[in-house]
Amino acid sequence: MADKFDVIVIGAGPGGYVAAIRAAQMGLKTACVEKWVNKEGKTVHGGTCLNVGCIPSKALLETSHKFVEARDHFAEVGIEVDEPKANIAKMLEFKNSVINKNVGGISALFKANGVTSLEGKGKVTSSTEVEVTDHDGNATTYTADNIVIAAGSVPVEIPPTPLTDDLIVTSTGALEFTEVPKRLGVIGAGVIGLELGSVWKRLGAEVTVLEAMDSFLPMVDSAIAKETQKLLKKQGLDIKLGARVTGSEVKDSEVVVKYTDADGEQEMTFDKLIVCVGRRPYTQGVIADGVGVELDERGFIFVDDQCRTNVPNVYAIGDCVRGPMLAHKASEEGVMVADIIAGHKAEMNYDAIPSVIYTSPEVAWVGMTEQDAKAKGIEVKTGSFPFSANGRALANNAPEGMAKIIADAETDRILGMHIVSQHAGELIAQGVIAMEFGSSAEDLALTCYAHPSTSEAIHEAALAVEGHAIHMANRKKR
Ligand code: FAD
Ligand code: NAD
């Protein structure tokens, strides 16, 4: 008889591995099943995030950013260098070394916390049983008092652009280009399209982004989205809105893409095409017929606010359930579920989950946009501040962007913070913490910020909510 566990987690992405570590920390006998194998045939933990998502994309974003700084901006601040060259093979090597360090770290954490690592494909066969089929095809059934499904997501594919081995690819392929494509097409101006489009643009590709919607980044406050669109255009990203892709043809190592826009039918030819039109939950083969775990109409595992499925003691977290597909959201759900299983009270604040797009400058936001609030009939007051008036941003030679705070007009409570700037992904933590603590804009306005720091732009935006920004000439009069 195989081992019995208090908890078996299926999937070792940022949802699953965090749930497993937390459960073990809570004194629960825990196993985590993972089927991902790397090119060397070794089981690797970390899921999409560490292997083909957050971490490798950020490694390439950082190296390509450094390259652009050296090529285009060092001279502006008095550093003279010979024309820098991008060594793509070396960049990929660096990216892979970052993946390996991160992935190895999770295995070490499993050992340190006493999580049993089960290698192979896990399938829930009843509310207390998980069948694990190892890489040689041998199946073993383990029993558990609780099961957590953290199976993640996979890219959405669309009929007009069927994937090929190396010309029409998803984000995974776009992290592996061994040379800079001369003409790169990107379908979807979402997070992946803007991040990976930026990487290859910086390294020299002509990048065209085809976006079906007429609006740009509708989830971001429109003032910030407009500023971002302007800045990315200035960098040379050609973002075509209202462009609906209708077909594609691969000819002589090129991809011809057909799309329609306001002017009618169009055609463009690319050397590579990235399809990044969203991701879908991965649930295939994870739950045996008859277990009774319900999926919603979009294929996500149906869960309540605390990630319980409709089957007692079976939970689901991360990308395979509703909510934003973000690593930190998956991890926080993992912690919540482990705590609940350990008998504690736990919940998540889904209103205070930050999002970041790691372009340059970065775009980061938490909570409502001004437009969301108005649509909900909430009266708001807002404060904005440009980084061009922030001393540290000027000293950093990074004066682009602005910060905006949206506060309830009656209570002054912060409802949202939206930023486009260098390091916006770090600055946004202030908005998240403020919202977690139920702060008012005045709370931030009365806080003493270090000088010089780009955080002072947040301070000024908070002051601007009442028209009191110090370093802004055209501030509101009271
Ligand atoms: P996953 O990370 O997908 O992990 C699921 C794991 O389950 C996988 O390892 C899979 O092999 C395993 N699995 C599935 N089925 C089984 C089974 N039957 N048996 C055993 N194992 C199984 N998010 C951010 O927050 N910040 C970012 O900067 C960011 N960048 C991204 C960049 C890219 C290019 C992509 C594609 C995604 C990015 N994301 C980012 C999204 C982020 O990767 C996901 O939200 C996150 O990985 C979800 O975590 P998860 O644990 O739910 O699923
Ligand atoms: P996305 O949902 O962010 O963007 C997809 C875009 O494609 C949308 O703008 C959509 O309108 C457009 N689109 C859809 N169908 C289209 C079509 N047929 N033609 C043209 N455009 C079309 O999805 P993504 O960029 O693929 O990213 C997937 C997920 O991964 C996201 O949920 C995101 O949260 C996550 N992710 C996060 C980060 C980060 O946090 N920095 C980075 C990468 C990915």
Side-chain angles (χ1 to χ4, degrees), residues 9-19 32-37 43-58 60-61 103 106 118-124 130-133 149-156 158-161 170-172 174-175 186-197 199 209-219 240-246 257 259 274-287 316-321 323-331 333-334 353-359 362-364 425:
V9 182
I10 299 181
Y17 83 70
V18 170
C32 185
V33 195
E34 177 54 65
K35 69 182 174 70
W36 198 305
V37 283
T43 298
V44 283
H45 300 123
T48 303
C49 172
L50 268 53
N51 292 288
V52 294
C54 323
I55 297 299
S57 59
K58 264 78 258 178
L60 290 183
L61 278 154
V103 162
I106 306 304
L118 301 173
E119 301 184 359
K121 194 167 172 60
K123 185 188 228 179
V124 182
V130 174
E131 179 190 85
V132 178
T133 305
I149 304 169
S153 64
V154 288
V156 166
I158 49 173
T161 51
T170 65
S171 54
T172 302
L175 292 167
V186 177
I187 306 186
V191 192
I192 294 180
L194 297 181
E195 288 188 357
L196 293 182
V199 165
V209 185
L210 302 172
E211 166 59 52
M213 283 192 298
D214 293 321
S215 55
F216 180 68
L217 296 181
M219 61 290 203
K240 296 187 189 301
L241 299 177
R244 286 171 195 282
V245 176
T246 53
V257 175
Y259 65 95
I274 312 175
V275 182
C276 38
V277 293
R279 295 176 63 84
R280 62 179 172 82
Y282 180 76
T283 51
Q284 202 186 351
V286 182
I287 306 161
I317 59 172
D319 279 10
C320 64
V321 305
M325 287 183 162
L326 294 170
H328 41 283
K329 175 262 192 186
S331 297
E333 287 181 336
I353 297 175
S355 294
V356 183
I357 307 177
Y358 293 85
T359 43
E362 295 174 354
V363 188

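For ligands, and for the atoms within them, numbers begin at 1 and follow the listed sequence.
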Tell me which protein heavy atom sits closest to [atom], plus the residue, atom name and distance to 0.1 Å.
atom                    : value
atom 41 (C) of ligand 1 : M325 O, 3.7 Å
atom 14 (C) of ligand 1 : A151 O, 3.3 Å
atom 21 (N) of ligand 1 : K35 N, 3.3 Å
atom 11 (O) of ligand 2 : E211 OE2, 2.6 Å
atom 8 (C) of ligand 1  : E34 OE1, 3.6 Å
atom 42 (C) of ligand 2 : V191 CG1, 3.1 Å
atom 25 (O) of ligand 1 : A327 N, 2.8 Å
atom 32 (C) of ligand 1 : G53 C, 3.3 Å
atom 18 (N) of ligand 1 : G122 O, 2.8 Å
atom 21 (N) of ligand 2 : A212 N, 3.2 Å
atom 22 (C) of ligand 2 : V277 CG1, 3.6 Å
atom 3 (O) of ligand 1  : T48 OG1, 2.6 Å

Is there a polar contact between ligand 2 and [X], counting only N or O atoms under 3.5 Å apart?
X    : result
G278 : yes
E195 : yes
R279 : no
I158 : no

Under 3.5 Å, N or O to N or O, is [X] touching ligand 1 that way?
X    : result
L326 : yes
G15  : yes
E195 : no
S171 : no
G46  : no

Is any side-chain heavy atom of [Y] closer than 4.5 Å to one of [X]?
X    : Y    : result
W36  : T48  : yes
V257 : V245 : yes
K58  : Y358 : yes
T359 : L61  : no
I158 : V275 : yes
C276 : T170 : no
V286 : I149 : yes
C32  : L118 : no

Those atoms of ligand 2 less than 4.0 Å from some heavy atom in [X]:
X    : answer
I187 : 19 (N), 20 (C)
V356 : 39 (C), 40 (O), 41 (N)
Y358 : 41 (N)
L326 : 34 (O), 40 (O)

Does [X] have a non-hydrogen atom less than 4.0 Å from ligand 1?
X    : value
K58  : yes
R279 : yes
G120 : yes
Y358 : yes
V52  : yes

Review point. Do the charged groups of E131 and K121 touch, with an N to O distance under 4.0 Å?
Key: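 Salt bridge absent between E131 and K121.
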Taking non-hydrogen atoms only, is [X] closer than 4.0 angstrom to ligand 1 via side chain, backbone, both or neither?
X    : answer
C54  : both
P155 : neither
S57  : side chain
I10  : side chain

Search all heavy atoms of [X] against all heavy atoms of [Y] and return the closest pair with its distance.
X    : Y    : result
I274 : S171 : CG2-N, 4.2 Å
Y17  : G46  : CD2-CA, 4.3 Å
G285 : K123 : O-CG, 3.5 Å
C320 : T283 : CB-CG2, 4.5 Å

If the cut-off is 4.0 Å to any non-hydrogen atom of [X], which atoms of ligand 1 fall inside it?
X    : answer
G152 : 1 (P), 3 (O), 5 (C), 52 (O), 53 (O)
G318 : 52 (O)
C49  : 2 (O), 43 (O), 47 (O)

Check your understanding: Would you say M213 touches ligand 2, if touching means a heavy atom closer than 4.0 Å?
Key ->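 Yes; M213 lies near enough to ligand 2 that a heavy-atom distance drops under 4.0 Å.
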From the candidates [options], the one that places a heavy atom nearest [atom]:
atom                    : options              : result
atom 7 (O) of ligand 1  : G11, C276, A316, G13 : G11
atom 25 (O) of ligand 2 : I357, I192, L210     : I192
atom 31 (C) of ligand 2 : K329, K58, M325      : M325
atom 1 (P) of ligand 2  : A327, G190, G188     : G190

So does [Y] get a backbone contact from the side chain of [X], meaning a donor-acceptor N/O pair under 3.5 Å?
X    : Y    : value
E34  : H45  : no
E211 : A189 : yes
T172 : V52  : no
E333 : G318 : yes
R244 : Y259 : no

Exercise for review: Go through the steps to decide whether L194 and F216 satisfy the test side chain to side chain contact (heavy atoms under 4.5 Å, CB included), and finish with yes or no.
Suggested key: CA-CA 11 Å; L194 297 181; F216 180 68; 3.8 Å; yes
Practice item. Evaluate the criterion side chain to side chain contact (heavy atoms under 4.5 Å, CB included) for residue pair S57 and L175; output intermediate values, then yes/no. Key: CA-CA 7 Å; S57 59; L175 292 167; 4.0 Å; yes
